[in-house]
Amino acid sequence: MASEAEKTFHHFAAYGESSSSGNEIHNKNFSKMCKDCGIMDGKIITSTDVDIVFSKVKKKNARSIGQCQMALKEMGQKKFKDKSPEEALQSMFALMVNKVPVASGVTKTVAVGGVDRLTDTSKYTGSHKERFDESGKGKGKTGREDTHENTGYVGGYKGAGTYDQKKK
């Protein structure tokens, strides 16, 4: 394999596999490599073609392949029909130069920090909006209306403080 295409092969072989050494590639990563490098275009070479070629190249009971040069050669003959097999293989290597796996469909992170989002008083309603001032700084206990009194009586009890008077 050409050195740049071989680097690409190792990047895709290790992609998503924490225990992989990057020397063998599974069908999933091989399909991803073909898609990300522009080998699989959906017209001339489809995902079915990639799966069939992978199955032809791998050993009978194996789940991965060590080199994808034979698979690329076979797909190159289909993709570049007007070229010789060796020229087609070189064209396939050219498609793989400087390519790395792209994580598509992944949730992006929010640029705004969590504290900014949580202390935005315009998003709070009811009693919660009183907990922060306009700058977003918390008011602490002074921002609450329902402060707790440690008198020993149940809240809302009308005879609070009358126990000592009845005992006399």
Side-chain angles (χ1 to χ4, degrees), residues 1-139 143:
M1 255 200 254
S3 64
E4 292 297 321
E6 193 169 348
K7 287 180 186 176
T8 301
F9 171 79
H10 290 298
H11 283 299
F12 279 95
Y15 180 73
E17 306 283 333
S18 60
S19 62
S20 175
S21 62
N23 294 328
E24 291 191 345
I25 192 166
H26 293 281
N27 189 14
K28 173 185 68 130
N29 289 359
F30 183 71
S31 296
K32 180 165 183 53
M33 181 181 74
C34 291
K35 184 178 179 185
D36 288 355
C37 292
I39 296 169
M40 180 176 27
D41 56 4
K43 295 178 184 174
I44 298 171
I45 296 181
T46 62
S47 61
T48 306
D49 295 326
V50 172
D51 290 339
I52 290 170
V53 169
F54 185 85
S55 295
K56 281 184 189 177
V57 172
K58 74 175 181 68
K59 293 179 183 164
K60 188 172 184 176
N61 291 328
R63 300 184 75 204
S64 59
I65 57 176
Q67 286 203 355
C68 63
Q69 191 166 356
M70 291 178 60
L72 291 174
K73 195 172 200 177
E74 190 168 328
M75 286 189 291
Q77 290 174 346
K78 185 173 181 181
K79 188 170 181 82
F80 304 105
K81 292 179 182 176
D82 55 336
K83 294 183 179 182
S84 70
E86 190 56 39
E87 289 175 335
L89 182 61
Q90 292 303 319
S91 297
M92 295 294 272
F93 287 157
L95 289 173
M96 292 175 62
V97 172
N98 296 328
K99 299 288 169 86
V100 292
V102 177
S104 59
V106 177
T107 305
K108 304 223 183 320
T109 58
V110 179
V112 178
V115 175
D116 293 338
R117 200 172 54 248
L118 292 172
T119 57
D120 184 8
T121 57
S122 65
K123 294 181 181 176
Y124 283 121
T125 59
S127 63
H128 298 289
K129 69 179 174 183
E130 301 297 326
R131 294 178 53 203
F132 299 96
D133 60 7
E134 293 78 27
S135 66
K137 185 171 168 57
K139 292 181 181 178

Q.
Let me confirm one number: the OH-CG distance from Tyr15 to Asp36, rounded to the nearest 0.5 Å.
A. 8.0 Å

Q. Do Cys68 and Met33 touch side chain to side chain, with heavy atoms closer than 4.5 Å?
A. yes

Q) In Å, rounded to the nearest 0.5 Å, how long is the span from CD of Gln90 to CG of Leu95? A) 11.5 Å

**Q.** Within-4.5 Å side-chain heavy-atom neighbours: Met75 and Met92
**A.** yes

Q: Would you mind listing every salt bridge (charged side-chain N to carboxylate O under 4.0 Å, His left out) that reaches into residues 66-75, with sequence neighbours excluded?
A: Lys56-Glu74

Q.
Listing request: all salt bridge (charged side-chain N to carboxylate O under 4.0 Å, His left out) pairs with a residue in residues 80-105, at least two apart in sequence or in separate chains.
A. none

Q.
Between Gln69 and Phe93, does the side-chain contact (heavy atoms from CB on, under 4.5 Å) criterion hold? Intermediate values first, please.
A. CA-CA 9 Å; Gln69 191 166 356; Phe93 287 157; 4.2 Å; yes

Q. Can you tell me how far CD1 of Ile25 sits from NZ of Lys58, rounded to the nearest 0.5 angstrom?
A. 14.5 Å

Q.
Check whether Asn29 reaches the backbone of Phe12 with its side chain - one donor and one acceptor, N or O, closer than 3.5 Å.
A. yes

**Q.** Pair listing, salt bridge (charged side-chain N to carboxylate O under 4.0 Å, His left out) test, anchored in residues 37-47, at least two apart
**A.** Asp41-Lys79

Q: Could you pull out the closest heavy-atom pair between Glu24 and Gly66, with the gap in Å?
A: CG-CA, 4.0 Å

Q: For Lys78, enumerate each residue passing the side chain to side chain donor-acceptor pair (under 3.5 Å) test, keeping only those at least two apart in sequence or located in another chain.
A: Asp49

Q: Check Gly76 against Ala88 and note the closest heavy-atom contact, atom names and distance.
A: O-CB, 3.4 Å

Q) Among pairs that include at least one residue of residues 59-86, which meet ring-ring contact (aromatic ring centres under 6.0 Å, His included), considering only residues two or more places apart or in two chains? A) none

Q) With sequence neighbours excluded, what pairs up with Asn27 under the side chain to side chain contact (heavy atoms under 4.5 Å, CB included) test? A) Ser31, Asp51, Phe54

Q | Donor-acceptor under 3.5 Å (Thr8 side chain, Met96 main chain) | A | yes

(Q) Quick check: closest heavy atoms across His26 and Ser64, and the distance to 0.1 Å? (A) ND1-CB, 3.9 Å

Q. Looking at side-chain heavy atoms only, is the closest gap between Leu72 and Ile39 below 4.5 Å?
A. yes

